[in-house]
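Just below is one structure, and these are the notes that go with it.
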Amino acid sequence: MKPMHFLFAGLFAVSAGTTPLLAQPKRYSLDFDAGKYEPQTVTVNGNEISIRAFERIVYVANPVDTTYQILNIYIPEGYFHGETINGYTARSAPVFFPNRIGGYMAAQPATAINTPNGRPPGNGTPPQGPGGAPPNGMGMGGNRGPSAMALALSKGYVVASAGARGRMTKDAQGLFTGKSPAALVDLKAAIRYLKYNDEAMPGDANKIISNGTSAGGAMSSLLGATGNNKDYEPYLKDLGAAPANDDIFAVSAYCPITNLDNADAAYEWQFNGVNTYRRGGPMQGNNAAGAALTPEQITVSAQLKALFPAYLNSLQLTAPDGQRLSLDNSGNGSFKEYVNAYVIASAQKALGSGKDLSAHSWLTISGGKVTDLNFDAFVRYQERMKTPPAFDALDLGSPENQEFGTATVDKQHFTAFSASHSTVQAPRADEQFVRMLNPMHYIGTKGTQTAKYWRIRHGSKDKDTSLAIPVILATYLQNKGYTVNLELPWDRPHSGDYDLDELFQWVDQLCK
Ligand code: DHB
């Protein structure tokens with residue numbers, strides 16, 4: 001599978017005699033070097049924590065791109081002196097594994113210091129808050145508190161963050177190297193490095209918790225769904241990934257933009273009938289004033305919505321009480337009620353924390369309880385953000401079209417619908433590369449170690465994808481016996497890492 005240009009990319013070396021030898025590309029050691037670190041200090045809530053920073057470790061023997069295929073590992077200094085931190089020791093400390101992937105773009109690993117919360121925006125332009133100021137934190141991250149990395153270190157976790165190639169990554173020859181499934185393969189290779197070196201470094205590589213937001217949340221979900229599955233093996237082998245497993249213990253995913261092959265239909269199931277849209281995210285540009293769908297887009301919306309019930313029903317989902325979750329041909333039914341119940345639970349939590357929800361006429365509140373929510377009115381309050389099809393754009397204009405390109409073709413369709421309705425007659429992606437980027441196809445399948453524990457958050461005001469997507473993911477996992485904690489935090493837009501204390505409480509309760 002190794003492309004020829006890579007084999008010949010090395011320089012010709014001349015030996016002592018006159019015979020030119022083809023230089024071998026440099027092979028990187030996969031052995032963790034415990035002596036190669038820089039002491040650093042992170043400050044969390046006024047407390048200084050000494051750590052050892054092992055930065056920019058190339059995590060595969062034959063990298064394609066050493067800008068991104070690198071790992072930063074941070075370890076509390078105390079673990080080198082036999083200390084116990086938050087009940088953890090050098091042997092038992094969980095390994096927190098955050099990525100900074102956004103918009104299916106390449107990402108460098110996060111750093112313990114100087115990393116504001118959240119991720120850089122996917123298209124490389126910082127989103128602007130009101131009045132041109134940077135929004136909270138940075139990118140689509142959440143609050144202004146300590147970074148997830150620093151907080152994890154303060155709680156005695158070992159932190160490892162890997163970079164990964166992305167949809168625009170190119171090599172020196174101008175070929176694309178980061179199309180699906182490259183980013184996931186890279187993160188898996190980094191997991192293998194950590195498992196391979198488990199004995200050589202503090203932290204328990206059997207307790208890896210991945211964390212990511214949006215496209216990074218999708219990658220976090222994929223790591224959890226696809227552990228050790230052989231589909232990825234040839235690509236890992238090409239990179240010279242460490243000989244080790246790549247399954248993980250737990251997944252933290254904020255607003256995962258995932259299940260891309262069904263996300264267009266899910267979006268129209270939710271937003272059909274909302275015929276104006278307002279782009280907000282850096283992925284979509286801004287049209288703060290809003291705009292109307294064209295008659296063609298309204299037709300496409302109805303066509304896509306009509307595809308959703310068959311997909312949803314094919315999953316044969318059941319609620320925890322055993323009720324079958326289904327939809328009729330018009331998109332109504334127990335699944336819709338089930339999604340609505342998550343939104344009601346979210347409103348209830350907001351109400352319980354003192355939020356005044358009385359302005360929302362579509363909520364029924366009586367005696368301090370949210371007793372009903374008109375889902376269709378709630379969706380109009382949410383507002384539509386994307387035009388149909390939301391992901392496999394008919395003109396190839398979406399980040400996802402670019403994610404499913406090839407070494408030589410930048411953008412492709414990845415659904416049958418958009419391939420057959422294309423306005424640009426573009427090629428369709430290899431179905432296997434679409435499949436390999438959808439956790440739904442792997443959860444609990446033979447030869448796969450799916451993570452046992454999942455924490456998924458998707459804000460109730462996040463319209464980057466349909467609320468059906470996290471609910472389907474969570475329910476499918478639950479139905480297969482995995483432990484899932486899903487909430488749709490009230491009025492949260494597309495963002496992540498906004499409830500870190502609760503996140504780490506959840507991890508602690510799993511690991512202690
Ligand atoms: C992201 C957001 C999107 O709306 C999308 O389609 C893909 C990725 C992101 O924020 O990573």
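Just follow the structure's listing: the first ligand is 1, and inside any ligand the first atom is 1. Note: hydrogens, waters and symmetry copies are ignored here, and every other heavy atom, side chains too, is used.
Here the two rings, on F249 and Y453, have centers that are under 6.0 Å apart. Here the two rings, on Y254 and Y498, have centers that are under 6.0 Å apart. Between F335 and W269, the ring center distance clears the sub-6.0 Å criterion.
For a threshold of 3.5 Å applied to N or O pairs, the pair formed by H494 and ligand 1 contains at least one separation below that value. Distances between N or O atoms of E400 and those of ligand 1 include at least one value under 3.5 Å. Where the criterion is an N or O separation shorter than 3.5 Å, residue side chain and backbone included, A215 meets it with respect to ligand 1. Checking only distances, G103 does come within under 3.5 Å of ligand 1, N or O to N or O.
Using cut-offs of 30° and 60° for the angle between ring planes, the F504 and Y157 rings count as perpendicular.
Counting the atoms of ligand 1 from 1 in the order shown, those under 4.0 Å from a heavy atom of S214 are 1 (C), 2 (C), 8 (C), 9 (C), 10 (O), 11 (O). Per-residue contacts place D464 under 4.0 angstrom from the following atoms of ligand 1 (heavy atoms of the residue considered): 2 (C), 3 (C), 4 (O). Within the listing of ligand 1, atoms 6 (O) sit less than 4.0 angstrom from a heavy atom of F391. Those atoms of ligand 1 with a heavy atom of K386 less than 4.0 angstrom away are 3 (C), 4 (O), 5 (C), 6 (O). Close approach to G102 involves these atoms of ligand 1, each under 4.0 Å from a residue heavy atom: 11 (O).
Taking 4.5 Å as the limit, every side-chain heavy atom of Q449 sits out of range of all side-chain heavy atoms of N245.
For R192 and E233, the salt-bridge test passes: some basic side-chain N is under 4.0 Å from an acidic carboxylate O.
The side-chain hydrogen bond (donor to acceptor under 3.5 Å, both in side chains) test applied to Y193 returns no partner, not counting sequence neighbours.
The shortest separation from a heavy atom of M105 to ligand 1 is not under 4.0 Å, leaving the residue out of contact.
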